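So the structure is just underneath, and the comments pick up after that.
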Protein chains: 2
Amino acid sequence: MDFIKDPHKIEEKSMEIIERKIRGFTFTPRQKPIVKRVVHATGDSSYAAMLAFSPQAVEAALSALLANEPIYCDVEMVRTGLSRLGLQQLGIKPVCLIHDLEIKKEAKKRGITRAMAAMEHAVRECPDGGIFVIGNAPTSLFHLLRAVDEGRAKPALVIGVPVGFVGAAEAKELLTAYSLPWITVRGEKGGSPVAAAIVNALVNLALESKEARA
Amino acid sequence: MDFIKDPHKIEEKSMEIIERKIRGFTFTPRQKPIVKRVVHATGDSSYAAMLAFSPQAVEAALSALLANEPIYCDVEMVRTGLSRLGLQQLGIKPVCLIHDLEIKKEAKKRGITRAMAAMEHAVRECPDGGIFVIGNAPTSLFHLLRAVDEGRAKPALVIGVPVGFVGAAEAKELLTAYSLPWITVRGEKGGSPVAAAIVNALVNLALESKEARA
């Protein structure tokens, strides 16, 4: 039972393997580490063919992170997956409202889902800017896009990677029609590790660019 | 922008679609809801071909859950993904030690990873029985199996679904050689949503069998 024990060595070796697996895809130098981190988190190199970025999405993301824009996550699993240390260095504390008692009460009172009530609250709190990360429910993404249509939200970045066979592919396809900065995964796959991997890769890039400037 | 808003309806429709997608695979009536929940959580029906169960794994799992065996999760993302309500009804509070201050100190002192220190602690706390859920690091699974070899652990169930290109497939292949009850996913894929989905499906089955008995 001989195995590599050092997590840094495992990650290094893993990234080498992934580098070979995604050869042939054309990503910009800043998109590539994001793609690699998603493949690393899922063990699934088919994500290289499904990840999609709006023009300048990564640049918009880095500006938003360096400007300490708030990060709203649709579910706790996304928030738990985010790099604490990296976000701390950027001075950002990611928010997830789904288990908030006030949100639960409001959802019950209005007969809507907690995911919807949480998204409405996030949008009220941050009508201009903000990084919205949706790793679970297509309804959260639909709800956010409706708020954009109605002028109640103007996200600095939407990471929209909900998962599943009902509505997820449609919600993500819809997102790609918007002119705001977005990152998504076409099709049915996605989920919280994908969402967290995208944010974590962006956080690394932001810290690198911060260092380079200093 | 017309979409299904009711999460129960979305899940129902999703499960119908998944039922069709996994047609042709032979699972026992109790394995099938587990497979469906994993496919639901990942949007990836290829899991139907990769999920593997030791003989009587589900029966062992239900006995363990109904006997309030402790649940140890390797990472917080797994624990966060578990059904709070279901586990509460079974009187089980899932544990994850990776961010525990004592574990951090011990890992640093001994020059081992936090994942290893956490697994050692779990095994010391629960040398006989316990449900061990590994959704992230192959090293945690290797470490647990070494403890089994040395007679320091005798899990009631191992859910071993670490993800990645370095060691994960090997660790899971090794698990399938053990005569203890296990559930795994062959190959490189896996991760915390897969681990959480398996536990949540088992919790549902346990609650159903508890109700049927009452």
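Values in this document were obtained by computation on a predicted structure and should not be read as measured data. Throughout, protein chains are lettered first and strands after them, A, B, ... in sequence-line order, and every chain is numbered starting at 1. What's counted below: heavy atoms across the whole structure, side chains too, no hydrogens, waters or symmetry copies.
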request  = For B:Glu76 and B:Arg79, run salt bridge (Lys or Arg N to Asp or Glu O under 4.0 Å): C-alpha distance rounded to whole Å, both residues' side-chain angles, the deciding distance at 0.1 Å, then the answer.
outcome  = CA-CA 5 Å; B:Glu76 274 295 342; B:Arg79 194 169 70 117; 3.1 Å; yes
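The number of heavy atoms from other shown groups lying within 6.0 Å of CZ (B:Arg124) is above 12. In the displayed structure, B:Gln88 atom CD is contacted under 6.0 Å by at most 12 heavy atoms of other residues, nucleotides or ligands.
In this structure, the portion of B:Thr42 lying under 4.5 Å from any heavy atom of chain A is its backbone and not its side chain. Residue B:Ile112: no heavy atom, backbone or side chain, is found under 4.5 Å from chain A. Residue contact with chain A, scored on non-hydrogen atoms closer than 4.5 Å, is absent for B:Ala168. Contact annotation for B:Val39: both backbone and side-chain heavy atoms come within less than 4.5 Å of a heavy atom of chain A.
Across B:Glu170, B:Glu188, B:His99, the residue that shares the most heavy-atom pairs under 4.5 angstrom with chain A is B:His99. Residue with the most contacts toward chain A among B:Gly164, B:Gly167, B:Pro193: B:Pro193 (heavy-atom pairs, distance under 4.5 Å).
Salt bridge annotation for B:Asp100-B:Arg114: absent, with no cationic side-chain nitrogen under 4.0 angstrom from a carboxylate oxygen.
Taking all atoms of both residues into account, the shortest heavy-atom contact from B:Tyr47 to B:Gly190 is OH-N, 3.1 Å.
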